[in-house]
Amino acid sequence: MASWRSFEQVEPEFAQRVRSLFDAHRHKTIATLRADGSPRISGIETVFEDGELVFGSMPNARKGADLRRDPRFALHSATVDPVEGAEELWPGEAKISGRAIAAGPITGGPDGDSFHADIAEVVHTHLNPKATLLVVEWWMPEHGLRSIERE
């Protein structure tokens, strides 16, 4: 697993594209695991701060309890539809998965728990320049950056 900073150092261009998708909209979606192992989807806000991907949970929120019990998560950037007739301009969507590391109480804001991401995988899905193929690029610490194209 890796911090955002270490990922950014090995893949700066890819990291910038993914970060711009996360920074483009305030609200994202996080998947956590309930006590019975079933998935839970929740809205969340994230920030990149001091080389870390940071997110929080309000006091007594289920997602915070989920992450304290089982730190695995999947985070999804906001999804926007391609504009018809200008699909080649669609920036795509990004996903980050890994483990949430408890960082203590939120400081300088509302009460709650703060977490930073120990990153296992980063994905950017977008269209090729002609908007004829779906491009999936993904990075994992043990494999580096990979890419496939699909019709």
Side-chain angles (χ1 to χ4, degrees), residues 1-34 37-58 61-64 66-103 106 109 112-151:
M1 300 238 194
S3 68
W4 181 261
R5 176 180 285 121
S6 63
F7 161 62
E8 204 170 34
Q9 289 172 345
V10 296
E11 290 294 342
E13 188 274 334
F14 183 60
Q16 180 55 46
R17 282 189 281 132
V18 169
R19 182 174 176 165
S20 69
L21 289 167
F22 275 94
D23 286 344
H25 301 276
R26 183 176 183 176
H27 298 105
K28 292 84 173 168
T29 306
I30 191 168
T32 58
L33 295 170
R34 299 171 192 255
S38 63
R40 182 190 316 271
I41 299 290
S42 304
I44 197 163
E45 297 176 20
T46 63
V47 295
F48 295 92
E49 188 175 86
D50 297 325
E52 299 286 354
L53 171 57
V54 179
F55 45 91
S57 177
M58 294 170 37
R62 298 310 326 145
K63 69 183 159 204
D66 289 348
L67 292 170
R68 285 188 300 278
R69 185 185 54 264
D70 185 331
R72 293 177 292 172
F73 73 91
L75 184 64
H76 196 286
S77 67
T79 301
V80 295
D81 292 332
V83 175
E84 192 171 331
E87 289 85 355
E88 70 281 358
L89 300 177
W90 181 59
E93 58 190 28
K95 295 168 249 183
I96 299 171
S97 63
R99 295 184 179 272
I101 307 300
I106 294 175
D113 299 314
S114 178
F115 299 89
H116 68 267
D118 193 10
I119 299 169
E121 184 178 45
V122 180
V123 179
H124 180 204
T125 304
H126 57 96
L127 298 174
N128 70 345
K130 294 183 179 182
T132 56
L133 297 172
L134 181 69
V135 180
V136 180
E137 297 175 278
W138 73 100
W139 176 89
M140 297 172 74
E142 64 274 15
H143 299 295
L145 184 60
R146 295 180 176 186
S147 179
I148 60 170
E149 293 183 342
R150 295 184 177 156
E151 288 189 32

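The structure displayed is predicted, hence computed values, not measured ones.
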Backbone N/O of A74 and side chain of S97: donor-acceptor pair under 3.5 Å: no
I119/I96 under side-chain contact (heavy atoms from CB on, under 4.5 Å): CA gap, chis, key distance, verdict: CA-CA 7 Å; I119 299 169; I96 299 171; 4.0 Å; yes
Pairwise distance CD1(I101) to CG(D118) - rounded to 0.5 angstrom: 5.0 Å
CA sep, side-chain torsions, deciding dist, call: R19, E8, side-chain contact (heavy atoms from CB on, under 4.5 Å): CA-CA 10 Å; R19 182 174 176 165; E8 204 170 34; 4.0 Å; yes
Residue pairs, two or more places apart or on separate chains, that pass ring-ring contact (aromatic ring centres under 6.0 Å, His included) and touch residues 129-151: F7-W139
R68: salt bridge (charged side-chain N to carboxylate O under 4.0 Å, His left out) partners, not counting sequence neighbours: D113
Any donor-acceptor pair under 3.5 Å from K130 side chain to L127 backbone: no
Partner set under salt bridge (charged side-chain N to carboxylate O under 4.0 Å, His left out) for E13, not counting sequence neighbours: R17
Euclidean distance, I44 CD1 relative to R26 CZ, rounded to 0.5 Å: 12.5 Å
NZ on K95 to OG1 on T79, rounded to 0.5 Å: 8.5 Å
Shortest non-hydrogen contact from A100 toward F115: CB-CD2, 3.9 Å
Short side-chain to backbone donor-acceptor contact, K28 and F22, under 3.5 Å: yes
Short side-chain to backbone donor-acceptor contact, H124 and P91, under 3.5 Å: yes
Pairs involving residues 69-90, ordered by first then second residue, that meet salt bridge (charged side-chain N to carboxylate O under 4.0 Å, His left out) (sequence neighbours left out): D66-R69, D70-R72
Gap separating the CD1 atom of I41 from the OG1 atom of T32, nearest 0.5 angstrom: 7.5 Å
Flag side-chain contact, heavy atom, 4.5 Å: T46 against V54: no
R99 side-chain N/O to P71 backbone N/O, donor-acceptor pair under 3.5 Å: no
Euclidean distance, E52 CD relative to S6 OG, rounded to 0.5 Å: 8.5 Å
W90 side chain near V83 side chain, heavy-atom distance below 4.5 Å: no
Pairing residues for H116 by the ring pair (Phe, Tyr, Trp, His ring centres under 6.0 Å) criterion, not counting sequence neighbours: none
From L21 atom CG to T125 atom OG1, the distance as rounded to the nearest 0.5 Å: 10.0 Å
Distance-only donor-acceptor check, side chains E137 and H126, under 3.5 Å: yes
Stepwise side-chain contact (heavy atoms from CB on, under 4.5 Å) check, R40 with L33: CA-CA 6 Å; R40 182 190 316 271; L33 295 170; over 6 Å; no
Partners passing salt bridge (charged side-chain N to carboxylate O under 4.0 Å, His left out) against R150 (at least two apart in sequence or in another chain): none
Verdict with supporting geometry, V80 and H25, side-chain contact (heavy atoms from CB on, under 4.5 Å): CA-CA 10 Å; V80 295; H25 301 276; 3.7 Å; yes
Closest contact, heavy atoms only, L53 versus W4: N-CB, 3.8 Å
Step-by-step ring pair (Phe, Tyr, Trp, His ring centres under 6.0 Å) determination, F73 to F55: CA-CA 12 Å; F73 73 91; F55 45 91; 5.3 Å; yes
